[in-house]
Amino acid sequence: MAERDFIARLAATLGTSPAARGFADDAAVWTPPLGRNLVFTHDVLAAGVHYLPSDPPSDVAWKLLAVNLSDLAAMAATPAGVLLGLGLSGAEDEAWRDAFIAGLARALAHFGVELWGGDTVSGLGQAVLGMTAIGWVEPGRALGRLGAQPGDALWVSGTIGDAGLGLAVARGEAPFDKPLLNRFRRPTPRLALGAVLGGNATAGMDVSDGLLIDADRLAAASGVALHIDLAAVPLSRPAAGLEDVLARATAGDDYELLFAAPADVDVAALTAATKTPVARIGTVAAGSGLE
């Protein structure tokens, strides 16, 4: 009964998209823009792993959407709709569920994305929240990890390491700092930046597990070496005040974009309209691995 009521509240609040069909069916029906390539991604947040059980449910909903949209941004895709797969522990009471729905509604409206359907189950040992995001990109403009070339410049957006500091704040291990806490709980997918990188950057991905960890993955996928200048990695003022830059460059959950572009591309001009700061942090070279 609780699950049926939860689905009914989701439908009443968020099931207005024509593709969702009022959540009356077992699947959504969406007509994509003519001639576009479709892009699909799926990400999972587990309680105690990707978010703290004490985190506000509205922020958990925001993060669940944001991390999936970040994957679309990394592919230069425009998001259209999402499907939920909520595995709940049973500890989430009606107030938690209502706050989750309200937070998801705000996040969907903020990013201009529709909820098309999904499924829920309760009684798990811990909550595991899944989401599939669907988007589209113009043919030939999808970005991926495979195209970096020797001689390219390596760039990253925003600032690095703030989410790791925000996690320490959330755990009570560091003084309260609302901006840092929001970087952990409410990341911002770089959708506008991703859109302009499509067809201009040679390779890209989002930084979810740590800048250096993800850079090594990009190097392996493209079959190149990456040379990163740690002194050039952009840090916020709180992060810059700490001595261990390496810890910032290996902390996860930043959801910035790491990308390679030909050295003669004016990346600053290209990205100016997105109002997203970018910093050149290194170069792509022949070989393999990360230096």
Do other residues, nucleotides or ligands put more than 12 heavy atoms under 6.0 Å from the CD atom of Q126?
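Check passes, neighbour count above 12.
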Taking a hydrophobic cluster as the set of Ile, Leu, Val, Met, Phe, Trp and Tyr residues connected by side-chain heavy atoms closer than 4.5 Å, whether directly or through intermediates, do [X] and [Y] fall within one such cluster?
| X | Y | result |
| --- | --- | --- |
| Y51 | Y255 | yes |
| I281 | V224 | yes |
| W96 | L45 | yes |
| L226 | L230 | yes |
| L290 | I213 | no |

Looking at [Y], is its backbone amide N or carbonyl O close enough to the side chain of [X] to form a donor-acceptor pair, meaning the two atoms are under 3.5 Å apart?
| X | Y | value |
| --- | --- | --- |
| D93 | A95 | yes |
| T132 | L83 | no |
| T41 | N68 | no |
| D254 | I160 | no |
| D152 | Q149 | yes |
| R248 | V233 | no |

Evaluate the side-chain proximity of [Y] to [X]: yes if any heavy-atom separation is below 4.5 Å, no if none is.
| X | Y | answer |
| --- | --- | --- |
| R190 | L197 | no |
| P57 | E92 | no |
| V156 | P234 | yes |
| V49 | V128 | no |
| T120 | L84 | no |
| W136 | P33 | yes |
| R183 | P238 | no |
| L246 | L212 | yes |

Out of curiosity, [X] [atom1] to [Y] [atom2], how far, rounded to the nearest 0.5 Å?
| X | Y | atom1 | atom2 | value |
| --- | --- | --- | --- | --- |
| F176 | L181 | CZ | CG | 6.0 Å |
| I134 | L72 | CD1 | CG | 8.5 Å |
| S89 | L129 | OG | CG | 9.5 Å |
| L167 | L52 | CG | CG | 6.0 Å |
| L115 | L65 | CG | CG | 9.5 Å |
| L257 | L193 | CG | CG | 5.0 Å |

Start with the C-alpha gap between R97 and L88, add the side-chain angles, then the distance that decides, and say whether side-chain contact (heavy atoms from CB on, under 4.5 Å) holds.
CA-CA 10 Å; R97 296 180 184 210; L88 301 177; 3.8 Å; yes
Side chain to side chain contact (heavy atoms under 4.5 Å, CB included) partner of L64, chosen from D59, L86, V44
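Testing L64 for a side chain to side chain contact (heavy atoms under 4.5 Å, CB included) against D59, L86, V44 leaves exactly one candidate, L86.
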Before giving the answer on side-chain contact (heavy atoms from CB on, under 4.5 Å), spell out for D209 and R217 the whole-Å C-alpha distance, their side-chain angles and the decisive distance to 0.1 Å.
CA-CA 10 Å; D209 292 326; R217 291 170 177 160; 2.7 Å; yes
Closest non-hydrogen atom pair, [X] against [Y]:
| X | Y | answer |
| --- | --- | --- |
| A279 | A232 | CB-O, 4.3 Å |
| L69 | L191 | O-CD2, 3.6 Å |
| N200 | V196 | ND2-O, 2.7 Å |
| T202 | A261 | OG1-N, 4.0 Å |
| L154 | I228 | CD2-CG1, 3.7 Å |
| S222 | L146 | OG-C, 3.2 Å |

Lys/Arg N to Asp/Glu carboxylate O, D55 vs K63, below 4.0 Å:
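K63 and D55: not salt-bridged.
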Any pair counted as ring pair (Phe, Tyr, Trp, His ring centres under 6.0 Å), so long as it reaches residues 57-93, sequence neighbours left out:
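Found W62-H110, W62-F111.
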Using the test salt bridge (Lys or Arg N to Asp or Glu O under 4.0 Å), find all partners of D177 that sit at least two apart in sequence or belong to another chain.
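Here no residue qualifies.
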Distance only, no hydrogens: is a donor on one side chain within 3.5 Å (strictly under) of an acceptor on the other, for R36 and T78?
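Their side chains do not contain a donor-acceptor pair, so the 3.5 Å distance test is not met.
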Measure the acute angle between the ring planes of W155 and F259, then classify it against the limits of 30° and 60° as parallel, tilted or perpendicular.
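Parallel.
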